[in-house]
There are 2 protein chains.
Amino acid sequence: MAVTIRDVARQAQVSVSTVSRALSAPGLVKDATRQRVLDVAAGLGYRPNRAARSLITGRTGNLGIVVPDLTNPFFPSVLRGVQTRAGEAGASVFFCDSREDPATEAELVRTMAAQVDGVVLCASLLCEEMIVELTALTPLVLINRVVPGVSSVLMDSASGTDQVVAHLESLGHRHFAYLGGPAAAWSNDRRLQGLAGRAEVLGCFDPNFGGGHEAAGRALETGATAFIAYNDLMALGVLSFLAARGVQVPEQISVPGFDDILYAAMCSPALTTVHMPTEDAGEVAVDLLAALLDGGPVERRDLPTNLVVRASTAAPI
Amino acid sequence: MAVTIRDVARQAQVSVSTVSRALSAPGLVKDATRQRVLDVAAGLGYRPNRAARSLITGRTGNLGIVVPDLTNPFFPSVLRGVQTRAGEAGASVFFCDSREDPATEAELVRTMAAQVDGVVLCASLLCEEMIVELTALTPLVLINRVVPGVSSVLMDSASGTDQVVAHLESLGHRHFAYLGGPAAAWSNDRRLQGLAGRAEVLGCFDPNFGGGHEAAGRALETGATAFIAYNDLMALGVLSFLAARGVQVPEQISVPGFDDILYAAMCSPALTTVHMPTEDAGEVAVDLLAALLDGGPVERRDLPTNLVVRASTAAPI
DNA sequence: CTGAAAGCGCTAACAG
DNA sequence: CTGTTAGCGCTTTCAG
């Protein structure tokens, strides 16, 4: 069996309570005693049993995060931020991928709830009622989703959408097609709002490469000179579809995206896209969660986005 | 406070031990009793406290995985496999990103060790001694790494390398440059072995887009007609560098990669690359870990890789 | 400032 | 097949 608090107590010639205090409430122990305890603990390689600790404190020191699609680089980037900040706070993080399925998402949260202090829900596809219901189970922070009474950090894509439209209009475009993402996605909603009737809206597509492929085919029939994709992954699919059809980007069609994933800069033509501060969002989400756990208020934090102009947009012919 | 086993026991008119058994050792309880217990538990929304359970069983029902770089799509894909299989087994998974740093990697494993039943180490950069040392802390399964006495699942890149070389030679190439990855990486070693003096080896580069950029510059000086990149991310960097220099791929230089990440098929020209069964690897790793926990033997599993020919390779001029 | 003692919620012998 | 009884390792009153 591993080394326990009792082993430390014995060797440091103090009671277990003193060891416990030395470790988790340093102020309550005389400096000299605490130092001795700490030394012994280090020497023995003592690591408190978290199960025992959380059994009594009710806190686990863990937090969870669920994302809809781990293979979309957008999310690993958020995860990094979460892990960074959680690590600083001494917390470990459970992750889950819901594969864009609301039912799975809810079940994952329920499962996690039992063993974390709180969870971060990223780009949730759950209906509002369900989110509220889950809030009763465990403290929740939303990323890119707004639900009254629930903390959230937002990478505002409406202003981003404005920038895209302004950019396109300054280039001389007049006829836009918006290739929509999941109907349940807040970001999709925001983009729709930002577009506000200024674009022809094409139904909901899978927010990935394949969805972009499919959407591009439909968009070609609209006669639009710019295809605004819900996200970069879709934009990449659009690029691939158009290339195969021999349609020139950006000469014939401009294709801006959203997210600024790593590959946006690498593909050809490189994507004009709206950059999102994903890592920051992850960090802020953890901060909000921490605040919540300390009895703080529900908060909402807006993070700025900005247009990155690359090679996939240009003046129409 | 949440509903406990005692609440269930009281309402079901049985002792707590019966409830416990009904839940975790169904065979030991009369059918009728068990059914009643289960009904009450469901009615009350009872969820066993995992901390309490693991305090006594010594098992957490969790497992951990650490990867060197979450933003390399190769790893999220492995993670998916891990999560899938772990989920089937009712286990949750902790993840960590070591950011290619061995010291961080070791510390992460140590931290995790306390709260998981075992950990999967993916493409570890740790030295052999350290891995052995960690094995004493928690059951370990390696992915793409070989250490005697430790279970591992391998996506064999030596045979993949052979295929690349054969493909290139059949195209007429005679002079190859290998753009190496991390010196500590097993995959890099394997690729080196597979190349066995048949390629000019260029030092160690960061296994990412930037590393590819850097490597391409160096490779250009060798006069090689094919730049074999350590991985797809690097190959993407190479492509970008060469495009900026006006060097035609594949007409002037062929650029094969390894991994077959999602973007290998999307970039232009699409990458010829060695496909790796990443999701399978994640699943198998969990299986090996489960076997280990059940007192099974250390095992080694080799997964096949295969060359996917796309557009980044062609006959030299 | 420190120690003794009482559990947190659950499982695992050991009896019946 | 079921109930009783002891703790798992730790934190936290409550007394000194």
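Just so we're clear, the structure is a prediction, and the values are computed from it rather than from any experiment.
Of the residues listed (I131(A), D189(A), L125(A), L154(A)), the one engaging R145(A) in a side-chain contact (heavy atoms from CB on, under 4.5 Å) is I131(A), and it is the only one. When each of T278(B), L121(B), V153(B), L303(B) is tested with I143(B) by the rule side-chain contact (heavy atoms from CB on, under 4.5 Å), just one qualifies, namely V153(B).
Applying the ring-ring contact (aromatic ring centres under 6.0 Å, His included) rule to pairs touching residues 29-58 of chain A yields nothing, sequence neighbours excluded.
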Strictly under 3.5 Å: I want the nitrogen or oxygen pairs between protein and nucleotides 11-13 of chain D, one per line.
unit_1: dT11(D); atom_1: OP1; unit_2: R53(A); atom_2: NE; d: 2.6
unit_1: dT11(D); atom_1: OP1; unit_2: R53(A); atom_2: NH2; d: 3.0
unit_1: dT11(D); atom_1: OP2; unit_2: S20(A); atom_2: OG; d: 2.9

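To the nearest angstrom, C1' of dC10(D) lies 17 Å from CZ of R59(A). Rounded to whole Å, atom P of dG16(D) lies 20 Å from atom CG of L28(A). Whole-Å rounding puts the R6(A) CZ to dA4(C) P distance at 12 Å. The distance between atom CD of Q13(B) and atom C1' of dT2(D), rounded to the nearest whole Å, is 14 Å. Atom CZ in R50(A) sits roughly 18 Å away from atom C1' in dC8(D) (whole-Å rounding). Atom CG of L55(B) and atom P of dC8(C) are 13 Å apart (whole Å). With rounding to whole Å, D7(B) atom CG is found 11 Å from dG9(C) atom C1'.
Backbone-only contact: T33(A) has heavy atoms under 4.0 Å from sugar-phosphate atoms and none from a base.
Inter-axis angle, ends of the helix from dC1(C)-dG16(D) to dG16(C)-dC1(D), five pairs per end, rounded to 10 degrees: 30°.
Under 4.0 Å is where a charged nitrogen must lie from a carboxylate oxygen, and between D69(B) and R99(B) no such pair does. R80(B) and D97(A) are joined by a salt bridge, as a carboxylate oxygen and a charged side-chain nitrogen come within less than 4.0 angstrom of each other. Using a cut-off of 4.0 Å between Lys/Arg side-chain N and Asp/Glu carboxylate O, D39(B) and R36(B) are scored as not salt-bridged.
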Practice item. Begin from the C-alpha positions of S15(B) and T18(B) and carry the test side-chain hydrogen bond (donor to acceptor under 3.5 Å, both in side chains) through to its verdict. Key: CA-CA 5 Å; S15(B) 71; T18(B) 300; 3.3 Å; yes
Exercise for review: Evaluate the side-chain hydrogen bond (donor to acceptor under 3.5 Å, both in side chains) criterion for residues E279(B) and T84(B): first the C-alpha distance (whole Å), next the side-chain angles of each, then the deciding distance (0.1 Å), finally the verdict.
Suggested key: CA-CA 9 Å; E279(B) 248 179 272; T84(B) 301; 4.6 Å; no
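Separation of atoms OG1 (T33(B)) and CD (Q13(B)) is listed at 12.0 Å; rounding is to 0.5 Å.
Closest-nucleotide positions on DNA chain D for R36(B) and N49(A) were compared, and the one nearer the 5' end corresponds to R36(B).
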